[in-house]
Amino acid sequence: MVTPAMPFKTSRNDADRAATWRLLMERWLKALIGALVLGSAWSCGHAEVRLAHIFSDHLVLQRHQPIHVWGWANRGELVQVELNGQSNRTIADEKGRWRAVLKAEAAGGPHRLVVKADNTITLNDVLIGDVWLAAGQSNMEWPVAQSNDAAVEVAQSDWPLVRHIKVTNTIAFQTQADIGGSGWNVSRPENTGSFSAVGYFFARKLHQEIGVPVGIINVAWGGTNIETWLSPAVLAARPDFSMSSMPADAKVFKARYQDRMRALVQRWQAGVPYGSDSTAAWPEPDFDDRAWPHLNTARYWEVQGLEDLDGVVWYRRMVELSSGQAASAATLHLGMIDDCDETYVNGQPVGNTCGWDTHRRYGVPAGLLRPGHNVVAVRVTDHGGGGGFHGAAGHMALQTAAGTMALSGDWRARVERVSDKEQLAPNDLPTLAFNAMVHPLTDFPIRGVLWYQGESNVPRAEQYAQIFRWLIEDWRQQWKRPAMPFYFVQLASFLPLERNRRAESTWAELRDAQRQALKLRGTGMVVTTDVGNANDIHPRNKQAVGTRLALHALKNEYGKKLVASGPLYHSMRVHGRQVEISFSEVGGGLVIGGDHATLRGFVIADERRQFLPAKARIRANRVTVSHPDILRPMAVRFGWVDNPEENNLFNREGLPASPFRTDQWPGLTDGVRYQY
């Protein structure tokens, strides 16, 4: 094969001759590469050029950053990419992957993105604007259609410059080259109901304020822990996460999991056989369960000694009834159970449900109850994440015509079996969700990250403080932007108020672990203690969450002069019997929110480390804290309970203060480590 000769001179101008020459050179180069491929005996069937799944109609590309476009074609195929008058060419490598980079563009559109090879792909309605990655677990994944005022919000969601794409929830042992998903959607009533609610309300607020297109990439997955979102690179050098011991495949993992769970169960229910007894008699009222250990029905079993256990656990509760209470039909209320239940009364089935967030309500027919000793037995199957009863204690009761008996509290419990793990779940190993859902996007420029996750890590709150910082720094490295904005949501108030234990809370420890990430530059935290729900881990007021995230972006990324955060603990000074607490982010000043005249949520302790409710007053944008029995105060805590919804310290802008502690005394989760 020879190099093509320069075309003969004709009457055409120089620009025409140059264009013709470039075209001939491209054809010659393409033919040469094809000949080399055949000459090297590469096996390559015909494959049309295709784009990675992040590219579709209605796409939003990040403004003011180089535009990366990639996909797959035949090995050695010449690919041309065109956008808004720009054009670039590239050649598919030996694996068929190609990648083209276009110059940065200003906000605008709609444009057409055209990819040409043996075939042509045209993407329509492409916008240039700001793209934000919305990641985490179910509170980030939660859709607009299930949020406050959903019908109104959806009906009024005609925002053509706001776009959303949901990445398919999937996992992988190795980093993947592409995501799954059905493409970008425009914000309009027929689409918006399925958008991430937090992401949508964030994007809408940004668009309203700055006017440019905003795209949300939704990579959230309900129930996931933070470890599944870590990259292999960040874990490779971490002693707590030795990647050398990472199972090579699912088979090895299953065997290890079974061995670890078997040992855990045998310790937890010591003296009670595991895996050998028939379960046929377990629902019966006369079955002897006195050797069974206990589980509290207001808490997942993972925080009661059965950490990471997926499988089947039985619960039994004895109920004493009078003749009048047993005389007629009744209603059994069991609250919420994660994931599925089969429920029996005195050995007879009365109902079954699958749905971790569904309240159980079963009818008990007349004649089934009897005076004296009765037994409610529940067989619970958990497929992943939290397992067992959860929610408000008041939702568990046996309601009869002659009175209602509370059923919350401790029940007898026993593990029937551990999951055989036929299908791996995202929390089974670190990196699984990152490999499949995040890594394929790291070549796609974004403005920043929105993060709402942590509920699944409450049992390991102390370790979360370290891992969360790893994740932030690692994702910044993945996108090659050391100061990439990273804004996150602190856990909302949750669990019944009657369960609060003064200054003892794993949920408070997780919130504080999140707060510590503010030491990293380019971060911002949304406090949601005032918009939680004691009975629902998914509070429906996503408007407040999305809007508060947008405040951080508007202030830090777009130069808006506003207050983005509620008060944050800064320092303490002891003055005799009083402690003076100073805050940053006081905005227009500290105020007491709500209907109460006094500050609530503060506790104080001396060297005995016994916290007492404190008297707290606002003085010159500081808070003084004291208690008459504390003569030499050493520590103050604020909102240090599972459910701090009664906290009422705000700034004048209406943003709540973050829970905090001034001490470094040992916590409930110290030393609890992730295992796989």
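This one's a predicted model, so the numbers in the text were calculated from it and none came from an experiment.
No donor-acceptor contact under 3.5 angstrom links the side chains of N427 and T228, judged on distance only. In this structure, a donor-acceptor pair under 3.5 Å is present between the side chains of N374 and N346. A side-chain donor from one of E227 and N457 sits under 3.5 Å from a side-chain acceptor of the other. Remark: the Q543 side chain and the D149 side chain contain no N/O donor-acceptor pair separated by less than 3.5 Å. Using modelled atom types, one finds no donor on one side chain facing an acceptor on the other under 3.5 Å when comparing S419 with Y257.
In this structure F638 satisfies the ring pair (Phe, Tyr, Trp, His ring centres under 6.0 Å) test together with F602, F660, sequence neighbours excluded. Checked against side-chain hydrogen bond (donor to acceptor under 3.5 Å, both in side chains), K421 has the following partners two or more places apart in sequence or in another chain: D310, D428. Annotation: side-chain hydrogen bond (donor to acceptor under 3.5 Å, both in side chains) contacts of R540 (sequence neighbours excluded): D536. In terms of the ring pair (Phe, Tyr, Trp, His ring centres under 6.0 Å) criterion, W221 has no residue partners (sequence neighbours excluded).
Going from atom CG of L334 over to atom OH of Y362 covers 7.0 Å, rounded to the nearest 0.5 Å. Separating the OH atom in Y464 from the CD atom in Q514 is a distance of 5.0 Å, to the nearest 0.5 Å. Between atom NE2 of residue H390 and atom CG of residue N535 there is a gap of 11.5 Å, rounded to the nearest 0.5 Å. Atoms CH2 and CG, on W451 and L471 in that order, are 5.0 Å from each other to the nearest 0.5 Å. Going from atom CH2 of W301 over to atom CG of D308 covers 12.5 Å, rounded to the nearest 0.5 Å.
Inter-residue side-chain proximity for R460 and I467 is flagged as unmet; no heavy-atom pair is nearer than 4.5 Å. M634 places none of its side-chain heavy atoms less than 4.5 Å from the side chain of D663. Looking at heavy atoms from C-beta onward, T528 lies in side-chain contact with V489 at the 4.5 angstrom threshold. With a 4.5 Å cut-off on side-chain heavy atoms, T506 and V303 do not count as touching. Contact of the D277 side chain with the R414 side chain is registered, since non-hydrogen atoms from C-beta on lie closer than 4.5 Å. In this structure the side chain of I171 never reaches within 4.5 angstrom of the side chain of L429, judged on heavy atoms. At least one side-chain heavy atom of H383 sits under 4.5 Å from a side-chain heavy atom of C340. In this structure, the side chains of P539 and N139 come closer than 4.5 Å at one or more pairs of heavy atoms.
A donor-acceptor contact shorter than 3.5 Å is absent between the side chain of Q490 and the backbone of M525. With Q348 contributing its side chain and L368 its backbone, the two residues share no donor-acceptor pair below 3.5 Å. Judged by distance alone, with hydrogens and angles left aside, the side-chain atoms of R637 form a donor-acceptor pair with the main-chain N or O of A503 at under 3.5 Å. Of the possible polar contacts, one joining the Q325 side chain to the S322 backbone as a donor-acceptor pair under 3.5 Å is found. One N or O on the side chain of R316 and one on the backbone of F287 form a donor-acceptor pair closer than 3.5 Å. Remark: side-chain polar atoms of S147 are not paired, donor with acceptor, to backbone N or O of A197 under 3.5 angstrom. Between the side chain of R360 and the backbone N or O of I337, at least one donor-acceptor pair lies under 3.5 Å. At least one donor-acceptor pair under 3.5 Å links the side chain of Q269 to the backbone N or O of V415. With hydrogens and angles disregarded, no donor-acceptor distance shorter than 3.5 Å links the side chain of S138 to the backbone of E141. E302 contributes a side-chain N or O that, together with a main-chain N or O of G387, makes up a donor-acceptor pair within less than 3.5 Å.
By the 6.0 Å contact criterion, CZ on R617 is open, its count of non-hydrogen atoms from other residues, nucleotides or ligands being 12 or less. Heavy-atom contacts from other residues, nucleotides or ligands closer than 6.0 Å to CD of Q423 number 12 or fewer. Annotation for R262: atom CZ counts as buried by contact number, over 12 foreign heavy atoms lying within 6.0 Å. Around NZ of K615, the count of heavy atoms belonging to other residues, nucleotides or ligands within 6.0 Å does not exceed 12.
Taking the centre of each ring, W282 and W292 come in below the 6.0 Å mark. Two rings, from W665 and F611, have their centers less than 6.0 Å apart.
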Going through the distances and angles, do L655 and V527 end up as a side-chain contact (heavy atoms from CB on, under 4.5 Å)? CA-CA 8 Å; L655 299 173; V527 178; over 6 Å; no

Practice problem: Please report the C-alpha distance between L491 and V458 in whole Å, then the side-chain angles of each, then the deciding distance to 0.1 Å, and finally whether the side-chain contact (heavy atoms from CB on, under 4.5 Å) criterion is met. | Solution: CA-CA 10 Å; L491 295 189; V458 165; 4.0 Å; yes

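The only member of Y452, F494, W356 that meets ring-ring contact (aromatic ring centres under 6.0 Å, His included) when paired with H538 is W356.
Note on R290 versus D288: salt bridge recorded, some NZ/NE/NH1/NH2 to OD/OE distance being below 4.0 Å. One finds a salt bridge joining D286 and R370 here, because a Lys/Arg side-chain nitrogen approaches an Asp/Glu carboxylate oxygen to under 4.0 Å. Looking at E462 and R673, a side-chain N of the basic residue comes within less than 4.0 Å of a carboxylate O on the acidic one, giving a salt bridge. D512 has a carboxylate O that lies under 4.0 Å from a charged side-chain N of R515, or vice versa, which qualifies the two as a salt bridge.
Annotation: ring pair (Phe, Tyr, Trp, His ring centres under 6.0 Å) contacts involving residues 394-417, sequence neighbours excluded, comprise H359-H395, F389-W411. Each salt bridge (Lys or Arg N to Asp or Glu O under 4.0 Å) pair with one or both residues in residues 379-391, not counting sequence neighbours, appears once here: E342-R379, R379-E416.
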